[in-house]
Amino acid sequence: MSQNQILSASILSADFTQLASEIKAAEKAGSDWIHIDVMDGHFVPNLTMGPFIAAACRRATNIPLDVHLMIENPGNLLPAFVEAGADTISIHIETGADIPEAVNYIQAQGCRASIALNPDTPTQAVSELLPIVDQVLVMTVHPGYSGQKFISDTLPKITQIRKQLDEVNPEAQIEVDGGINQETIADALVAGAEIFVAASAIFKHPQGIAAGVHALRKQFAG
C-alpha cells in the first residue's frame with residue numbers, strides 16, 4: 001500500500017471560460033493530478049467532455065491527467081485519450097466491456113489502467129481484476145453530476161478492496177471520487193483510499209482554488 005496521498009482536481013466544477021488558468025491555479029496550489037470526467041449521456045445521464053478537452057488540459061499542464069470514462073463502449077475511445085495525453089484511464093466494470101483487453105491496451109501505451117465501480121456495485125465484481133490493474137476507482141456518489149453528497153456506506157467497500165489489493169497487488173492504489181471535501185476526505189483516507197478526486201471543494205471554494213486545495217491537503221497532514 002502506498003503511503004503517499006494524491007489530490008486529483010476535477011475540472012467538472014471548473015470555469016471553462018478560464019480553464020487553462022484554473023488548471024494552473026490548482027497545480028500551483030498543490031494539486032497532484034487533473035481529473036477529467038468523461039460522460040456520454042448514455043452510461044450516465046450527463047454529457048460532458050471528450051478527447052479534445054483532455055488535449056487542451058495537456059497543453060495547460062505537465063502534471064498527470066486522470067481520465068475517468070463514464071461511457072458505453074469505452075474501448076472505442078481509448079486510443080483517442082491516449083493520444084490526447086492521458087496518464088491514467090479509468091473504465092467502469094458496469095459497462096460490460098472486455099476489461100482485461102482494455103487494461104492490456106492502456107498499459108501497453110504507457111498509461112496506468114484503472115477499474116471503476118459504482119456505489120451499488122459489489123466488490124466481488126472487480127475481485128478477479130485486482131491483480132492486473134494499477135488502480136481501483138471507488139465511486140462515492142452515483143456518477144453523473146458534481147456537487148453530490150458523499151455516500152458513507154461506500155467506506156467499508158474501500159477497506160475491503162484495500163485488503164484484497166494488499167494480498168494480490170499491493171502497489172495498486174485506491175481512488176475515491178464524489179463528495180470529497182474537508183470532512184469526508186479524512187474518512188476516505190482512514191478507510192484506505194490514497195487518491196482523492198475533488199471538484200466543488202476546489203473549484204467552487206468560497207475563498208478560491210488555492211484555499212480549496214490547501215484545506216484538503218491539510219487533512220493529509222492531520
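Quick note: residue numbers are just sequence positions, from 1. Only a predicted model underlies this, so the values are computations on that prediction, with no experimental measurement involved.
Between Ala193 and Val176, the shortest heavy-atom contact is CB-CG1, 3.7 Å. For Lys24 against Ala60, the heavy-atom pair with the smallest separation is NZ-O, 2.9 Å. The minimum heavy-atom distance linking Ala172 with Leu165 is given by the pair CB-CD2, 3.8 Å. Of all heavy-atom pairs spanning Ile202 and Ser31, the tightest one is CD1-OG, 4.1 Å. The minimum heavy-atom distance between Met39 and Thr48, with the atom names listed, is N-OG1, 2.8 Å. Heavy atoms only, all atoms of each residue included: Gly178 and Thr140 are closest at O-OG1, 2.6 Å.
Side-chain contact check for Phe81 versus Val38: some heavy-atom pair is nearer than 4.5 Å. The side-chain heavy atoms of Leu130 and Glu167, taken from C-beta on, include no pair separated by under 4.5 Å. The shortest side-chain heavy-atom distance between Ile89 and Arg112 does not fall under the 4.5 Å cut-off. No side-chain heavy atom of Val103 sits under 4.5 Å from any side-chain heavy atom of Leu129. Counting heavy atoms from C-beta outward, Phe16 and Glu22 have side chains that stay 4.5 Å or more apart. The shortest distance between side-chain heavy atoms of Cys57 and Ile36 falls below 4.5 Å. Here the side chains of Ile106 and Leu78 are in contact, with some heavy-atom distance below 4.5 Å. Ile158 is not listed as a side-chain neighbour of Val136, based on a closest heavy-atom distance of 4.5 Å or more.
The distance from the CD atom of Glu171 to the CG atom of Asp166 is 10.0 Å, given to the nearest 0.5 Å. Atom CD of Gln164 is separated from atom OG1 of Thr123 by 5.0 Å, given to the nearest 0.5 angstrom. For the atom pair CD1 of Ile23 and CZ of Arg59, the computed distance is 10.5 Å after rounding to the nearest 0.5 Å. Taking CG of Leu19 as the reference point, atom CE of Met49 lies at 8.5 Å (rounded to 0.5 Å). Taken from CG in Leu69 to CG in Asp40, the straight-line distance is 9.5 Å, to the nearest 0.5 Å.
Ring geometry for His68 against His92 counts as parallel: the plane angle stays under 30°, on a 0 to 90° scale with 60° as the upper cut.
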Exercise for the section: Could you check Glu101 against Tyr105 for side chain to side chain contact (heavy atoms under 4.5 Å, CB included), going step by step and ending with a plain yes or no? Expected result: CA-CA 6 Å; Glu101 180 181 355; Tyr105 176 82; 5.8 Å; no

Let's go through Gln219 and Phe196 carefully: what are the C-alpha distance in whole Å and the side-chain angles of both, what is the deciding distance for side chain to side chain contact (heavy atoms under 4.5 Å, CB included) to 0.1 Å, and is it a yes or a no? CA-CA 11 Å; Gln219 302 306 310; Phe196 304 85; over 6 Å; no

Exercise for the section: Under the side chain to side chain contact (heavy atoms under 4.5 Å, CB included) rule, what do Ile99 and Ile91 come out as? Steps first, then yes or no, please. Expected result: CA-CA 8 Å; Ile99 304 297; Ile91 53 179; 3.8 Å; yes

Quick one: do Asp87 and Arg58 satisfy salt bridge (Lys or Arg N to Asp or Glu O under 4.0 Å)? Show the steps, please. CA-CA 10 Å; Asp87 293 281; Arg58 179 77 292 156; 2.9 Å; yes

| query | Between Leu189 and Gln5, does a side chain to side chain contact (heavy atoms under 4.5 Å, CB included) hold up when you go through it step by step? | reply | CA-CA 8 Å; Leu189 179 62; Gln5 291 82 40; 3.6 Å; yes

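Val141 and Val138 fall into different hydrophobic clusters, defined by Ile, Leu, Val, Met, Phe, Trp and Tyr side-chain heavy atoms under 4.5 Å apart, directly or through other members. Under a hydrophobic clustering in which Ile, Leu, Val, Met, Phe, Trp and Tyr are joined whenever their side-chain heavy atoms come within less than 4.5 Å, directly or via other members, Leu137 and Ile93 fall into different clusters. No path of Ile, Leu, Val, Met, Phe, Trp and Tyr side chains, each step under 4.5 Å between heavy atoms, connects Ile195 with Leu12, placing them in separate hydrophobic clusters. When hydrophobic clusters are built by joining Ile, Leu, Val, Met, Phe, Trp and Tyr residues whose side-chain heavy atoms come closer than 4.5 Å, directly or via intermediates, Val168 is grouped together with Ile161. In this structure, Ile11 is a member of the same hydrophobic cluster as Ile180, with clusters built from ILVMFWY side-chain heavy atoms closer than 4.5 Å.
When atom types are taken as modelled, the side chain of Asn169 and the backbone of Val133 share a donor-acceptor pair closer than 3.5 angstrom. No donor-acceptor pair under 3.5 Å is formed between the side chain of Asn118 and the backbone N or O of Thr121. With hydrogens and angles disregarded, no donor-acceptor distance shorter than 3.5 Å links the side chain of Lys157 to the backbone of Pro122. In terms of modelled atom types and a separation under 3.5 Å, the side chain of Gln135 and the main chain of Ile174 share no donor-acceptor contact. A donor-acceptor contact shorter than 3.5 Å is absent between the side chain of His205 and the backbone of Ala201.
In summary, the side chains of Asp134 and Gln107 do present a donor paired with an acceptor at a separation below 3.5 Å, with no hydrogens or angles considered. At a cut-off of 3.5 Å, with distance as the only test, no side-chain donor of Glu72 or Thr95 sits close to an acceptor on the other residue. Side-chain contact of Ser114 with Glu175: a donor-acceptor pair under 3.5 Å is absent, judged by distance alone. A donor atom on one side chain and an acceptor atom on the other are found under 3.5 Å apart for Thr184 and Asn181. Between Asp37 and Ser10, the side chains place a donor N or O and an acceptor N or O closer than 3.5 Å (distance only, hydrogens not considered). His35 and Asp177 share a donor-acceptor pair across their side chains, judged by distance under 3.5 Å alone.
For Asn76, the CG atom counts as densely surrounded, since its 6.0 Å shell holds more than 12 non-hydrogen atoms of other residues, nucleotides or ligands.
Tested against Trp33, the residues Val197, Asp66, Ile63 include a single side-chain contact (heavy atoms from CB on, under 4.5 Å) partner, Asp66.
Ionic pairing of Arg217 and Asp32 is present here: one or more N-O contacts between side-chain nitrogen and carboxylate oxygen are shorter than 4.0 angstrom.
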